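The structure presented is a predicted model; accordingly, all values stated were derived computationally and were not measured. Letters A, B, ... mirror the listed sequences (proteins, then strands); counts begin at 1.
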There are 2 protein chains.
Amino acid sequence: MAPTKKTPTIYDVAKLSGVSISTISRVLNTSDKVNPETLKRVMDAIDRLGFVPKAEARARAMQGTGRIGVLTPLFTAPSFVQRLRGVASALSKANYELVIYPVDSMDHLQGYLSSIPLMRNIDGLIIMSLAINDQDAKRLSINGMGTVLIEYLHPDINSIQIDDTHGGDLVAKHLIKKGHKTVAFIGDIEPPEKFAIHPVRSRFNGFKQTLQEAGLSLPKAYVKSAPYTQKETRQAAQELLNLPKPPTAIFAASDTQAFGIMKIARQLNIKVPDDLAIVGFDDVDTAEYVDLTTVRQHLDESGRLAAEILLARISEADRPLQHINLPLLLIERDTT
Amino acid sequence: MAPTKKTPTIYDVAKLSGVSISTISRVLNTSDKVNPETLKRVMDAIDRLGFVPKAEARARAMQGTGRIGVLTPLFTAPSFVQRLRGVASALSKANYELVIYPVDSMDHLQGYLSSIPLMRNIDGLIIMSLAINDQDAKRLSINGMGTVLIEYLHPDINSIQIDDTHGGDLVAKHLIKKGHKTVAFIGDIEPPEKFAIHPVRSRFNGFKQTLQEAGLSLPKAYVKSAPYTQKETRQAAQELLNLPKPPTAIFAASDTQAFGIMKIARQLNIKVPDDLAIVGFDDVDTAEYVDLTTVRQHLDESGRLAAEILLARISEADRPLQHINLPLLLIERDTT
DNA sequence: AAGCCGTATGAAAGCACTTTCAGTTTAGCA
DNA sequence: TGCTAAACTGAAAGTGCTTTCATACGGCTT
């Protein structure tokens, strides 16, 4: 009995269990495609030898790493989660792992962006609602890192966009049709753009534009810029509703913020939609539960699409660039 | 300037610099044994291609940034997301990557469980609300894979648990105090346990037990087993409310299901809480927005704790096993 | 019995490098 | 000028694993 002095390889395992190396590999990867009996024999051999597959060799032999990464801010906000859900569903079908890089600062983002293409422990990248500059884009494409952007446009990279301006327009039209004259807006439209993208700006612009075309004004006092937090949003809603002439309708730039407004209305005993109409944006799952009128942007779909584009690009290297524009739909429920 | 599409290999560098791959390799490893002139040419080519040897990159990536994996079913359900949020926050502080393995079938789970410990692309593992058997546990610990279980107990593995029975008890007590006599339960308590865990069973048991101790009965007709979907939940709620003697209070095993019940009540024009009290479980973010009375289990915290235990275990190998029990708290809001 | 599946397996061809080995220069020295 | 030791360099043979392709075998149909 001459125990192999070197660390065991699949060849050793194969010999010991009397099968070919292909079978060992199969046991390791797609164990469901192996006869249970054989599987057990192999497993025993693996245990007996204390065999551990070498990650290095594995990574080399495999086409890629089998995982794709998602760069995202606020990844636990409902809208991001729903996008992630779409991504995950497409990925798990294709048997890819999902690596999440939560971004919470500009530095953080830059750090990821500069190391990811080099580290190569990912086959593709989805960047959600984050702004990237030319240099980043260049680095990504030079290093052949398949990437798709969601909610941001860069000419050199695949992207999936939402026509936020049109979204604002839809809401304005809806509110006008309902006969509202005094409307307000709550959303995060602070000028200093941080690392994250502000589709909110566009939503606001489209909203305002359409309103004005219909002869309605949107005075400053009726526009509240509140960050994406409950506290600030509610505060803003309070202020709006305490105005001498309070608005009869509020457009919130996101569903979550709309929920906050609904809550305030309840506390103030304001009847929705009779005394106050509320419309959100996103059509998050919960929007349906609470019967919120909102603009659907099919979050799941955007994620799924992103993943599919990526997968396609990975398997078929030089696919033409794609810039997809997802349609929006106003969903009327009980808050207008 | 034609940027190579695929990621460059030494072959590309060799071609571009007009030498053989062996030379490239030599440049990379023992550069002193290469003619300075050749060396320069090769270096230029390397720069121009942005070439990084794959294996090396991998190794470097591995040592700097660790990664920990999370095995979870339904990872987009709000309660899981909030736990993930906790995990992510603890992880990003420590500069760890988050790899998510969405589990959607028993096979899937077994596949992960058998390959993860061997493949070792991960430094630690968090398993959420999933049942694992002795063999899995053994394999995990034999291979030294630091693991923590959430919502499941196995003597050999760290775990974080929630006293669901007590949760049910809390709800029962609350409802009794409010004077309810006819109460109902909606939740997924189907007997055939699938791959996912059913804390719901325990919630139900605790609920029923306390009810009975107080002399209240919980007849079969008032117990609806509905899976975690809106459709079924609402259907169940309908049935309950159409009973000749409808319940005055419903305990839903999860907040999301409670939302469904609230919606049905609204449609049926049933006043909450006057005609019907509703209490959920989890205290998901949204629960506060809609003023749902519920049982808080501090989801974020459970995730954070799990990550911290893991991290501690990774840096300090033989930490004693921990079995943590997280407290529950009844949050009274406007639905009771 | 002939044909046809579907599953379980093995042989062999990669993958991205490293290393050995032998061949070619080059330089040094008579 | 001829000869040899360095100094370089490339072809080719590994490295440990995955994956494609082909084959074998036990049913099932018709």
Length of the [atom1]-[atom2] vector between [X] and [N], whole Å:
X	N	atom1	atom2	value
Asn35(B)	dA6(D)	CG	C1'	13 Å
Asp12(A)	dC17(D)	CG	C1'	13 Å
Arg41(A)	dA8(C)	CZ	C1'	12 Å

*Treat primed atoms plus P, OP1 and OP2 as sugar-phosphate and everything else as base, then score nucleotides 18-26 of chain C 5' to 3': B for base contact with protein heavy atoms under 4.0 Å, S for sugar-phosphate contact only, - for none.*
BB-------
*Of all the nucleotides listed (dC17(C), dA8(C), dT9(D)), which has the minimum atom distance to the side chain of Thr38(B)?*
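Comparing dC17(C), dA8(C), dT9(D) against the side chain of Thr38(B), the answer is dT9(D).
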*So which nucleotide from dT18(D), dA8(C), dG16(D) ends up closest to the side chain of Arg58(A)?*
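Within the option list, the nearest is dT18(D).
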Answer yes if the side chains of [X] and [Y] hold a donor-acceptor pair under 3.5 Å, and no otherwise.
X	Y	value
Ser302(A)	Arg83(A)	yes
His154(A)	Asp134(A)	yes
Glu232(B)	Thr229(B)	yes

*Give a yes/no on whether any side-chain N or O of Ser20(B) is located under 4.0 angstrom from OP1 or OP2 of dG10(D).*
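The answer is yes; a side-chain N or O of Ser20(B) sits under 4.0 Å from OP1 or OP2.
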*Counting only side-chain N and O atoms of Thr23(A), is one of them less than 4.0 Å from OP1 or OP2 of dG10(C)?*
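Yes, within the criterion.
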*asked:* Please check this pair: side chain of Thr147(A) against backbone of Met145(A), looking for a donor-acceptor N/O pair closer than 3.5 Å.
replied: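 At least one qualifying donor-acceptor pair exists.
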*Taking all atoms of both residues into account, what is the closest heavy-atom pair of Leu310(A) and Ile68(A), and its distance?*
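Smallest interatomic distance, heavy atoms only, reads CD2-CD1, 3.7 Å.
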*Using the side-chain contact (heavy atoms from CB on, under 4.5 Å) rule, take Arg313(A) and Asn158(A) through it: C-alpha gap first, then chi angles, then the decisive distance, then the call.*
CA-CA 10 Å; Arg313(A) 245 213 67 132; Asn158(A) 300 293; 3.4 Å; yes
